Amino acid sequence: MYLQLQNRLMTHVREFLTRKYPEITLPEIVIEQPPKIELGEFALPVALKLARGLRKAPLKIAQEIVDEMPLPEGFASFEVAGAGYINARLDRTAAAGVVAGTLGNAAATGNAVLPAAGARGKVLVEHTSINPNKAAHIGHLRNSILGDTLVRLLRAANFKVDVQNYIDNTGVQVADVVVGFEQMAKVSEQEIDALIAEPRFDYYCWDLYARVSQWYEADKTHLEARRATLHALETGGNQTATLAQKISMAVLHRHLETMQRLGIEYDFLPQESDILHLHFWAKAFELLKAAGVLYYEENGKNKGCWVMTRPGKVKDAPVGADGAASEADEAAGPDEDAKVIVRSNGTVGYVGKDIAYHLWKFGLLGLDFGYRKFSEYADGRHVWISCDPKDAEPGAPHFGGVDAIYNVIDARQSEPQETVKQAILLMGNADAAARYTHFSYEMVALTPRCAMELGYAVSEEDQKRSYIEVSGRKGFGVKADDLLDKLIDAAQSEVDTRHPELEVEDRREIATQIAVGALRYFMLKFTKQSVIAFDFREALSFEGETGPYVQYAVVRASNIFRKAGLEPEAALAATIAPAALDNDNDLWELWLAAGQTSKVIEQCIASTEPAGLTKHAFQLAQQFNNFYHHHHILTEEDAAKKALLLSTAAVVRRELMKAMDVLGIPVPRVM
RNA sequence: GGGAGCGUAGCUCAGUUGGAUAGAGCAUCUGCCUUCUAAGCAGAGGGUCGCGUGUUCGAGUCACGCCGCUCCUACCA
């Protein structure tokens with residue numbers, strides 16, 4: 001609702017100002033919200049910005065505009081305020097009608113500003129992408145929750161989204177656990193099968209991986225085993241590679257189970273082994289050479305390598321002076337800082353493979369994976385995994401070839417991400433490069449106190465730091481399933497005392513929903529670029545700015561309707577009392593806040609920052625709790641007033657549930 | 001050395017493209033359960049927005065310079 005009216009106001013003001021002041025170029029029309037609702041719903045600082053160009057006092061300009069500008073539909077007044085603001089007031093009754101969805105057609109509802117489903121194009125979100133060699137930890141959780149929420153945001157805004165989880169099944173990390181099984185611990189294949197059958201095989205790998213790292217450190221000659229194993233995995237078609245695939249697929253299943261607990265699902269799992277065996281790189285290499293993006297270095301420390309100019313170091317193309325420029329370059333010697341893509345021994349680094357993979361994402365490679373089913377979700381949808389096209393399932397869907405991509409990858413990888421993006425750009429795909437978004441976020445670390453609580457030795461130096469980085473290699477961190485288990489236990493004891501009348505399974509289900517809500521909210525409330533210093537005390541909190549606070553507000557709203565024996569939709573359809581809204585700013589603010597959910601979702605997508613929606617949900621819940629405390633709805637005697645209060649509760653409940661759905665926070669029946 | 005980011009209340013963090021009196025939560029203190037559930041509500045204290053200069057009607061926000069912290073910068077993945 002808010003977004004729709006804001007757009008209407010913006011267009012209206014721009015058209016008016018263009019007519020009134022044809023002699024000057026208009027500044028961007030900025031629309032804000034006044035600090036207090038008494039001042040109106042929208043504030044335009046445009047007169048302040050016009051002051052210099054027009055050489056006139058802002059207040060005078062504002063007055064001129066207010067005197068002459070007609071009111072757009074749905075608005076009640078314009079007035080001058082403060083140092084020269086123009087504040088706009090809405091026709092509250094009409095606006096409330098739009099929010100409630102009672103005013104006629106679908107075009108009046110909040111969704112009218114959105115294009116039809118799928119009309120915004122097909123996008124690809126890659127997230128999770130955990131090395132399949134150990135259990136997921138809290139850092140991975142942040143990745144998956146951010147990624148899944150981005151997916152939900154995009155889908156709520158009518159994008160068609162494919163979700164990918166990249167599987168690096170031939171990398172060093174998988175090689176390390178294979179070394180652990182085969183050479184260090186000497187576990188037989190039969191024993192491995194038995195371990196895989198255990199509920200949490202990934203936990204076993206977590207410990208084994210840490211042990212292998214120590215094993216390497218104890219004797220550097222052990223590193224030869226890693227090198228040989230890595231080579232075996234890359235080549236494929238041998239016993240070690242088969243074992244590695246068995247292990248990594250088992251761990252992958254565990255990862256999907258863990259994420260499923262949080263409501264996170266995927267469409268496609270591209271495997272690195274297939275990128276290798278289907279020769280994606282060879283094809284990309286040809287394209288890169290042909291486009292002149294890669295060049296063969298003849299001199300200097302990178303002699304014999306195929307290299308690429310580092311992002312940010314691309315020379316400002318001296319138009320018309322190419323000859324002179326390249327002479328100057330040659331005189332300066334080889335670019336020692338260039339990024340090596342193909343080593344002098346002819347092998348390609350992971351950035352090269354990543355370029356090939358990303359060309360595929362945009363449909364620019366000219367090669368494709370085969371697709372077969374990997375697993376099935378409760379609703380019958382399948383997760384697909386890559387394979388050789390000759391093993392592909394008939395009728396399988398096709399992935400890739402999308403309009404835009406989002407890579408949810410932590411901030412430490414922004415350099416290689418920039419390199420891939422630049423390669424795509426330099427190949428002449430400016431459009432694809434512009435739609436390549438590295439959704440960068442900071443890591444989750446542990447507070448020193450938390451690390452010590454977990455029994456890790458923390459040096460005195462580390463104790464002074466505000467956080468300590470987790471390390472899978474050292475086995476240092478909090479496992480995702482452990483954290484979720486802890487949260488469920490904590491929620492369970494609350495539910496048990498509050499609702500002893502419920503069946504055990506019901507209490508368990510509610511505790512799980514609360515735990516998931518708490519965890520997802522916790523991971524989303526911080527902005528992306530902020531390092532989360534993880535602490536159990538904060539993460540296990542169910543009070544204040546948390547998921548359960550928001551859930552509780554919805555449960556309270558639902559209780560009202562349950563007790564009243566009324567459907568919330570019926571309350572929305574009921575006539576509301578316009579006069580009461582005009583005179584009750586507190587109530588009106590609640591309607592206005594609820595009407596902003598769609599706007600917030602759009603802002604979150606534009607800024608690729610889901611934290612804005614958690615803030616919105618919390619503030620809306622807070623305002624609702626305030627409202628809940630001030631009004632005794634069911635005992636209200638004035639029928640018109642009661643109807644208004646009920647419709648207010650219904651609107652807030654609906655918008656809160658919409659926000660929670662996008663955030664992936666479940667709505668418990670009771671709390 | 002080069003690149004990126006951060007520095008806001010005791011702690012953890014928000015702060016829209018420069019706007020009206022810098023906000024939350026936690027922690028501390030004080031009140032409120034016979035009501036639609038207190039996982040809640042009301043209130044109090046707590047700030048040199050790292051430091052400085054500049055840009056302008058106006059700076060937490062923009063520019064420049066310092067100070068402090070973090071990450072990236074391998075023919076590792």
Side-chain angles (χ1 to χ4, degrees), chain A residues 28 30 32-36 39 43 45 48-49 51-52 57-58 81-85 87 131 168 170-175 230 272 297 301-307 310-313 337 339-345 347 349-351 353 410-416 418 440 442-443 445 447 465-467 469 491 494-495 498-499 514 518 525-527 529-533 535 537-538 541-546 548-549 551-553 555-564 600 603 606-607 609 611-612 614-615 618-619 622 625-626 628-636 645 649 670-671:
Chain A
E28 199 187 343
V30 174
E32 298 160 7
Q33 232 185 311
K36 285 207 157 104
L39 295 168
L48 295 163
K49 299 202 187 302
R52 189 150 17 134
Y85 281 94
N87 289 345
N131 277 296
D168 182 3
T170 57
V172 177
Q173 295 210 20
V174 168
L230 188 56
E272 178 154 281
E297 184 58 81
K301 74 173 175 109
N302 295 332
K303 184 179 176 184
C305 299
W306 285 89
V307 303
R310 203 168 281 275
K313 296 250 175 123
D337 192 41
K339 185 87 189 163
V340 172
I341 304 298
V342 181
R343 304 176 193 114
S344 55
N345 66 5
T347 59
Y350 91 111
V351 175
K353 286 178 262 185
D410 84 73
R412 287 169 292 196
Q413 297 220 45
S414 51
E415 222 257 339
E418 279 305 309
S440 169
E442 269 295 347
M443 61 183 168
T447 61
R465 302 161 80 93
S466 56
Y467 59 82
E469 195 173 343
E494 288 291 326
V495 176
R498 285 159 198 258
H499 296 286
I514 292 168
K525 72 193 269 195
F526 303 93
T527 52
Q529 73 276 11
S530 155
V531 175
I532 297 180
D535 190 279
R537 188 172 52 87
E538 267 187 72
S541 169
F542 297 152
E543 291 168 15
E545 195 183 343
T546 65
Y549 179 95
Q551 291 174 316
Y552 191 57
V555 168
R556 282 177 142 181
S558 298
N559 284 346
I560 296 169
F561 294 101
R562 189 168 39 78
K563 284 262 163 118
V600 174
Q603 280 175 346
S607 58
E609 180 52 88
T614 61
K615 188 119 296 195
F618 174 66
Q619 284 168 351
Q622 206 171 32
N625 275 331
N626 187 314
Y628 180 89
H629 189 258
H630 277 82
H631 302 280
H632 300 277
I633 300 173
L634 295 181
T635 55
E636 176 58 51
L645 295 175
V670 295
M671 275 180 81

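Just so you know, these numbers use all the heavy atoms, side chains as well, and skip hydrogens, waters and symmetry mates. Proteins come first, then strands; the chains are lettered A, B, ... in the order of their sequence lines, and each starts at number 1. Everything numeric here is computed off the predicted structure, so don't read it as measured data.
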Does the side chain of [X] pick up a donor-acceptor pair with the side chain of [Y] at under 3.5 Å?
X	Y	answer
N559(A)	R556(A)	no
E442(A)	S530(A)	no
H629(A)	N625(A)	no

With a 4.0 Å cut-off on heavy atoms, is [X] in touch with a base, just the backbone sugar-phosphate, or nothing at all?
X	answer
A557(A)	nothing
D410(A)	nothing
I532(A)	nothing
K49(A)	base
K525(A)	nothing
D535(A)	nothing
V495(A)	base
L230(A)	nothing
F526(A)	sugar-phosphate
V531(A)	sugar-phosphate

Salt bridge check: are E415(A) and R310(A) linked by an N-O gap of less than 4.0 Å? yes

Below the 4.0 Å mark, does [N] have OP1 or OP2 next to a side-chain nitrogen or oxygen of [X]?
X	N	value
K563(A)	U37(B)	yes
Y549(A)	C26(B)	no
N626(A)	A42(B)	yes
R556(A)	A38(B)	yes
Y552(A)	A39(B)	yes
Q622(A)	G25(B)	yes

Partner nucleotide of [N] by Watson-Crick or wobble geometry (both distances under 3.5 Å):
N	result
C29(B)	G43(B)
G5(B)	C69(B)
U35(B)	none
U61(B)	none
U12(B)	A24(B)
U17(B)	none

Within this structure, what is the CE-CD distance for the pair M671(A) and Q551(A), rounded to the nearest 0.5 Å? 5.0 Å

Salt bridge (charged side-chain N to carboxylate O under 4.0 Å, His left out) partners of E469(A), counting only residues at least two apart: R412(A)

Salt bridge (charged side-chain N to carboxylate O under 4.0 Å, His left out) filter on E494(A), not counting sequence neighbours, yields R498(A)

In C71(B), glycosidic geometry as syn within 90° of 0 or anti otherwise: anti

Would you say that I341(A) contacts V307(A) through its side chain, given a criterion of any heavy-atom pair below 4.5 Å between the two side chains? no

Student check: side-chain heavy atoms of K563(A) and L634(A) closer than 4.5 Å: yes

Options [options], nucleotide nearest the side-chain atoms of [X]:
X	options	answer
E415(A)	C72(B), A24(B), C75(B)	C72(B)
E538(A)	C72(B), U12(B), C36(B)	U12(B)
D337(A)	U16(B), G40(B), U73(B)	U73(B)
R498(A)	A20(B), A39(B), C41(B)	A39(B)
L634(A)	U37(B), C36(B), C76(B)	C36(B)
V172(A)	C36(B), U73(B), C76(B)	C76(B)
P35(A)	C75(B), A20(B), U73(B)	A20(B)
H632(A)	A39(B), U35(B), C41(B)	U35(B)
N559(A)	A39(B), C36(B), U73(B)	C36(B)
Y467(A)	A77(B), A24(B), U70(B)	U70(B)

Whole-Å distance separating the [atom1] atom of [X] from the [atom2] atom of [N]:
X	N	atom1	atom2	value
M443(A)	G5(B)	CE	P	16 Å
H629(A)	G40(B)	NE2	P	13 Å
D168(A)	A77(B)	CG	P	10 Å

Please figure out whether E469(A) or E543(A) has its closest RNA chain B nucleotide nearer the 5' end. E543(A)

Residue whose closest nucleotide on RNA chain B lies nearer the 5' end, G304(A) versus S530(A): S530(A)

[N] and [M]: how far apart are their [atom1] atoms, nearest whole angstrom?
N	M	atom1	result
G45(B)	G23(B)	P	14 Å
G47(B)	A59(B)	P	22 Å
G50(B)	G60(B)	C1'	12 Å
C26(B)	U73(B)	C1'	38 Å
C11(B)	G1(B)	C1'	37 Å
G3(B)	U8(B)	P	25 Å
A44(B)	G54(B)	P	38 Å

Determine whether a donor-acceptor pair (one donor, one acceptor, N or O, separation below 3.5 Å) exists between the side chain of [X] and the base of [N].
X	N	result
K36(A)	U21(B)	yes
N302(A)	A74(B)	no
S344(A)	C75(B)	yes

